[in-house]
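Sequence lines set the chain letters: A, B, ... in the order given, protein chains first and strands last, and positions in each chain run from 1. The structure presented is a predicted model; accordingly, all values stated were derived computationally and were not measured.
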There are 2 protein chains.
Amino acid sequence: MARLEELSNQKRSFATGDYLYRSGDRFKSLHAIRSGSFKTRVLHEDGREQVTGFLMAGEIVGLEAISTDIHTCEALAMEDTEVCELPYAKLAELSREIPSLQRHLHKIMSREIVRDQGIMLLLGSMRAEERLAAFLLNLSQRNAIHGMSATQLRLRMSRMEIGSYLGLKLETVSRAFSHFQDEGLIQVKARAVDILALHRLREMVGK
Amino acid sequence: MARLEELSNQKRSFATGDYLYRSGDRFKSLHAIRSGSFKTRVLHEDGREQVTGFLMAGEIVGLEAISTDIHTCEALAMEDTEVCELPYAKLAELSREIPSLQRHLHKIMSREIVRDQGIMLLLGSMRAEERLAAFLLNLSQRNAIHGMSATQLRLRMSRMEIGSYLGLKLETVSRAFSHFQDEGLIQVKARAVDILALHRLREMVGK
DNA sequence: TCGCTATTTTGACATATATCAAGTCAAACG
DNA sequence: CGTTTGACTTGATATATGTCAAAATAGCGA
């Protein structure tokens, strides 16, 4: 990451709701999130939408567009957010010269594939509460990576967005939160979630 | 693809049910399918499994393992299948020398991300029959790419495998097939499917 | 070809989640 | 402060899909 950011010539800032890119936009650069977060979503002709990811600081946005040079999903800031622009042409050129950068780029793309397959597993074979547990554990883990609390989460997304991501309706998400709270697994107050029993959440998703 | 295959030094053959690799195996090479097909699946600790893809001739298997050098899913042949081994180290080296190969490799990985996000959309926001329609259209399209019929499909996978891939139970898949047949959309005879009304299937998935 | 086994279809019924409809709550604003 | 607005929660009910069980069919080895 450090190496990636060094080659960035440009930084950009976004406010909540701003688009980093939209579906159909021409692809030129990847973006590394320095602070803040984005959600990505794909839109269906008939208006349905699916949130495909919530991206945090340190993560790379836009990988899906390399395949066709056109963005196939859109990315919106969920709070004040700053990114480094990583022009793809430059990245490609440099990664031809620096094997470790090449390796790193490959890993980032491959990791995105692994992540997506994990979500496929979640959407294809888990029940509502298991999905939410997996979601919370994932946020917890990524929070911890950034040196933040693994148990105190401040959700940046609405119940509806969580529902879209998890393939559930917002009411179902809300009920699952309430149920977790009744069970003493978490403490919920709107978008502030305190995880009281990490281990029991882990048991729920089978690990 | 042609360029990729040229650099393959080794070909391997598989019979139905043979593993190309298993979860946990060390990653060394990608594999290009010359003929036949694989299914890939991820396993959950508690025994649940999710089929993450059905791969055909011309497609590349193993991309998910680049991220950690360990395979996170497994690939099984669904029929007699031949692959070209593409040693990753060699591929990386060559793609540093040949920009067009580098570009191609990036596109292959990015395309896999796009594919996975399409499946997330399917699993997260489509109903059972829409999923099956999307699945059949996808097979039809890939069949056509290989110069085969876009309407006469010979499924290599069971109803259960289709169900796992689509996040449905096998009975639901079977019922959807039967219903499509009653509606005159397709003609089903076990694993031989004849699409009678491509356009109506397309309408179902909204395009 | 016969018979065995696995796969697929179909039916009756159960259930998880969606839908519809009020409520509640909290932040934002005049 | 009271009002408005959007987000969230909760309840009652509907529905799509899952579950269980049996029958039909297809594929396969002897």
Side-chain angles (χ1 to χ4, degrees), chain A residues 15-17 39 47-51 78-79 122-136 153-183 185-194 204-205, chain B residues 15-17 39 47-51 76 78-80 122-136 153-183 185-194 204-205:
Chain A
T16 306
K39 67 169 174 179
R48 273 182 285 198
E49 73 173 67
Q50 171 78 25
V51 172
M78 296 199 295
E79 60 191 307
L122 178 149
L123 292 173
S125 62
M126 291 171 68
R127 337 264 237 73
E129 297 198 348
E130 295 170 328
R131 295 183 199 188
L132 186 63
F135 173 70
L136 291 173
L153 310 177
R154 280 253 295 296
L155 306 182
R156 303 254 103 98
M157 64 297 281
S158 69
R159 299 290 187 264
M160 200 165 97
E161 289 168 327
I162 296 172
S164 172
Y165 182 63
L166 299 179
L168 302 169
K169 294 295 159 177
L170 70 92
E171 293 96 329
T172 304
V173 174
S174 176
R175 279 184 241 270
F177 269 119
S178 299
H179 187 222
F180 283 1
Q181 180 164 252
D182 294 346
E183 296 283 312
L185 295 172
I186 62 176
Q187 180 70 37
V188 191
K189 203 167 157 197
R191 297 191 182 184
V193 176
D194 198 347
M204 284 192 63
V205 303
Chain B
T16 307
K39 68 170 174 179
R48 270 181 289 196
E49 74 172 67
Q50 171 78 26
V51 172
L76 296 91
M78 296 198 296
E79 60 190 307
D80 285 347
L122 177 149
L123 292 172
S125 62
M126 291 171 67
R127 336 266 237 66
E129 296 197 349
E130 294 170 329
R131 295 184 199 189
L132 185 63
F135 173 71
L136 291 173
L153 309 177
R154 281 254 294 294
L155 306 182
R156 303 255 103 100
M157 63 296 280
S158 69
R159 298 291 187 262
M160 200 166 96
E161 289 168 327
I162 296 172
S164 172
Y165 181 65
L166 299 178
L168 302 168
K169 294 294 161 177
L170 70 92
E171 294 94 329
T172 305
V173 174
S174 178
R175 278 185 242 273
F177 269 120
S178 299
H179 187 220
F180 282 1
Q181 180 163 253
D182 293 347
E183 295 285 310
L185 295 172
I186 63 177
Q187 179 69 38
V188 192
K189 203 169 159 194
R191 298 190 180 185
V193 176
D194 198 346
M204 285 192 62
V205 302

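Every pair passing salt bridge (Lys or Arg N to Asp or Glu O under 4.0 Å) that includes a residue from residues 158-180 of chain A is listed here, sequence neighbours excluded: A/Lys39-A/Glu161.
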Might you list the N or O atoms of the protein lying below 3.5 Å from N or O atoms in nucleotides 26-30 of chain D, with each pair's distance?
none

Restricting to nitrogen or oxygen on both sides, can you table the protein-nucleotides 16-20 of chain C pairs closer than 3.5 Å?
from   : atom 1 : to       : atom 2 : distance (Å)
C/dT17 : OP1    : A/Ala128 : N      : 2.7
C/dA18 : OP1    : A/Lys169 : N      : 3.4
C/dA18 : OP2    : A/Lys169 : N      : 3.2
C/dA18 : OP2    : A/Thr172 : OG1    : 2.3
C/dT19 : OP2    : A/Lys169 : NZ     : 3.3
C/dT19 : O4     : A/Arg175 : NH2    : 2.8
C/dC20 : N4     : A/Glu171 : OE2    : 3.1

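In this structure the side chain of A/Leu136 never reaches within 4.5 angstrom of the side chain of A/Leu185, judged on heavy atoms. No side-chain heavy atom of A/Asp182 sits less than 4.5 Å from a side-chain heavy atom of A/Phe177.
Residues of residues 176-183 of chain A that place a heavy atom closer than 4.0 Å to DNA chain C do not occur.
Distance check, rounded to the nearest 0.5 Å: CG of A/Leu166 to CG of A/Leu132 gives 6.5 Å. Atoms OG and CG, on A/Ser158 and A/Leu170 in that order, are 8.0 Å from each other to the nearest 0.5 Å.
Across all strands shown, B/Ser158 has heavy atoms under 4.0 Å from sugar-phosphate atoms exclusively, and none from any base.
Atom CE of B/Met160 has 12 or fewer neighbouring heavy atoms from other residues, nucleotides or ligands inside a 6.0 Å radius.
B/Gln181 places a side-chain N or O within 3.5 Å of a backbone atom of B/Val188 that can act as its donor or acceptor partner.
Evaluation of the side chain to side chain contact (heavy atoms under 4.5 Å, CB included) rule for A/Arg156 yields A/Ser37, A/Met78, A/Glu79, A/Arg154 as partners, not counting sequence neighbours. For A/Arg48, the side-chain hydrogen bond (donor to acceptor under 3.5 Å, both in side chains) partners two or more places apart in sequence, or in a different chain, are A/Asp46, B/Glu130. For the ring pair (Phe, Tyr, Trp, His ring centres under 6.0 Å) test, residues two or more places apart in sequence or in another chain that qualify with A/Tyr165 are A/Phe54, A/Phe135. Residues satisfying the salt bridge (charged side-chain N to carboxylate O under 4.0 Å, His left out) test with A/Glu49, not counting sequence neighbours, are A/Arg41. For A/Ala133, the side chain to side chain contact (heavy atoms under 4.5 Å, CB included) partners two or more places apart in sequence, or in a different chain, are A/Phe180, A/Leu201, A/Met204, A/Val205.
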Applying side chain to side chain contact (heavy atoms under 4.5 Å, CB included), run through B/Leu168 and B/Arg131 and close with a yes or a no. CA-CA 9 Å; B/Leu168 302 168; B/Arg131 295 184 199 189; 4.0 Å; yes
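An angle of 40°, rounded to 10°, separates the two end axes of the helix from C/dT1-D/dA30 to C/dG30-D/dC1, each defined over five pairs.
Counting to the nearest Å, the P atom of C/dA26 and the CZ atom of A/Arg159 are 13 Å from each other.
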